[in-house]
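We count residues from 1, following the sequence as given. Remember, it's a predicted structure, so these values are computed and weren't measured experimentally.
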Amino acid sequence: MSAPASTPPAFPHLRQDLAASLVVFLVALPLCLGVAVASGVPAELGLVTGIVGGLVVGFLPGSSLQVSGPAAGLTVLVFEAVRHHGLSTLGVIVLVAGLLQIAMGALRLGRWFRAISLSVVEGMLAGIGLMIIAGQLYAAAGAAAPVSGPGKLSGLPGAAAHALTDPAALVSTAIGVGTILVIVLWRRLPPKARMVPGALGAVLLAALATFLLDLPVATVEVTGLLGAVRIPGLDAFGDLATLSVIGTVLAFTLIASAESLFSAAAVDRLHDGPRTRYDKELMAQGAGNTVSGLLGALPLTAVIVRSSANVQAGARTRASRVLHGVWLLLFAALLPATLELIPLPALAGVLIHAGWKLIPVRQTLDLWRGHRGEALILVATAVSIVLVNMFEGVLIGLALSVVKTAWDASQLKMEVTDKGAGPVRVYLSGNATFLRLPKILDSLEALPQDRPVELDLAGLHHLDHACRTALETWAGSHSAAGTEPVKVTIP
């Protein structure tokens, strides 16, 4: 009699997922705190958002190994929202953005985010990175940053002079610079030491130095996890009637969705497990943002830094990202006082390093060599975000991308055959759109008016209304008196 088949374990990859979750927790902890402080909200709200990203988004289907939480990419937008509308309205904005994401996922619009020009997305991230760096340079020196992008850039020389002449600012700047150096050099340590992520190691060393040397450096202010949670009141929902809040909601929705789904595509290239189901992932992100908004916390997105760390640490299932949320919750509940030991310039250093990684220097150089138009769109998007604002900068990038696509699609070839006797033959092929109309008319108007002209349009794949009308008008008025009218062959 054969022995009964053994029952497979309920969690066959628990050991790998448990180890990976601890790595992701250590990566996420300083980033959650840094993003919250840079966004102008209590540090605990960054932990709340990370917990929601693990316990809510982590449970839902979509992308099995992608990890969500507060993202540096939305820091600038969140700071502006809090400054203009207040912390109470932030929860409403995040809540409505989450509901919109759920609706878009239900309508199967997730896949359409893959149609957004990669140059616009990278330009958006580059602009965000520049804004983060510019703002956090002030924070590293213990100074308040100007509000506008141009103000941040123009004020940097004065901030540098202040940091070099004021003793307290010099100490604060040294902590920030030291944090960046530790993160950069951390990868050169032995493999066992690198089990602790560089950002966490740098923050711990900065906290230790600040405590032991009793340095005059500002540290994180702690109000308690429950004290930081701000459930939006009914009066906050009244702000949804204002145009600026509606614009902020749309910006949160589009940017968070695009960043999450582009991150999912990148994470899929890192492993050979199940592929991302984009519509379900969009709904999962929406559910996370809905809960985060109800708690008055930050918007969340999928974060490539945590996600890649999850894959590289050997995660096999979504259990790793759920467990990372559990560790964040336990830390916030049991060890909140330790946050008061973390110096603010150290968190600024973490974000400056994160902002630099958002700037695609190598990709921009590669684009310039092969696709200069795309490189210009990337740079124009980044510069627009710095000079104007996030939402309008992205719109400018999208508009430039559409114009470039239309220009590339309107490829047109004109062949003029003149044998010296008989009619002049003009043959057009390709796509004739209004973008090429000036060139077409310049060439046609240069033809002799006292010779018969045959205009053959049979080779055109597309002839828009503007071109058709202009060509018909030209044909009717071109020939001189006593000359045969222009003969037009229209497809």
Please list, chain by chain and in numerical order, all residues satisfying side chain to side chain contact (heavy atoms under 4.5 Å, CB included) with [X], sequence neighbours excluded.
| X | value |
| --- | --- |
| Val388 | Glu392 |
| Leu254 | Phe113 |
| Leu107 | Leu109 |

Flag the pair [X] / [Y] as yes when at least one side-chain heavy-atom distance between them is below 4.5 Å, and no otherwise.
| X | Y | answer |
| --- | --- | --- |
| Ile377 | Val120 | yes |
| Leu29 | Leu328 | yes |
| Ser308 | Val311 | no |
| Val27 | Leu200 | no |
| Ser21 | Leu18 | yes |
| Val402 | Leu398 | no |
| His85 | Ser244 | yes |
| Ile132 | Trp356 | no |

Closest non-hydrogen atom pair between [X] and [Y], with its separation:
| X | Y | answer |
| --- | --- | --- |
| Val94 | Gly293 | CG1-N, 3.7 Å |
| Ser257 | Gln101 | OG-NE2, 3.0 Å |
| Gly296 | Leu45 | O-CD1, 3.6 Å |

I'd like to check the salt bridge (Lys or Arg N to Asp or Glu O under 4.0 Å) partners of Arg369; sequence neighbours left out, ordered by chain and number. Asp366

Taking [X] for the side chain and [Y] for the main chain, is one N or O donor matched with an acceptor at less than 3.5 Å?
| X | Y | result |
| --- | --- | --- |
| His324 | Arg321 | yes |
| Trp186 | Val196 | yes |
| Ser292 | Gly288 | no |
| Lys152 | Ala134 | no |
| Asp17 | Thr317 | yes |
| Asn289 | Ala97 | no |
| Thr301 | Ser260 | no |

Indicate every side-chain donor-acceptor pair of residues 201-222 with a distance under 3.5 Å to a residue at least two apart or in another chain.
residue : atom : partner : partner atom : Å
Thr210  : OG1  : Ala206  : O            : 2.8
Thr219  : OG1  : Glu340  : O            : 3.1

To the closest 0.5 Å, what do you measure between CD1 (Ile93) and CG (Leu298)? 12.0 Å

Let me have the donor-acceptor pairs involving side chains of residues 56-83, under 3.5 Å, with sequence neighbours excluded, atom names and distances please.
residue : atom : partner : partner atom : Å
Ser63   : OG   : Thr276  : OG1          : 3.3
Gln66   : OE1  : Ser263  : OG           : 2.9
Gln66   : OE1  : Ala264  : N            : 2.7
Gln66   : NE2  : Glu281  : OE2          : 2.8
Ser68   : OG   : Gln285  : NE2          : 2.9
Thr75   : OG1  : Ala72   : O            : 3.0
Glu80   : OE1  : Arg83   : NH2          : 2.9
Glu80   : OE1  : His84   : NE2          : 3.3

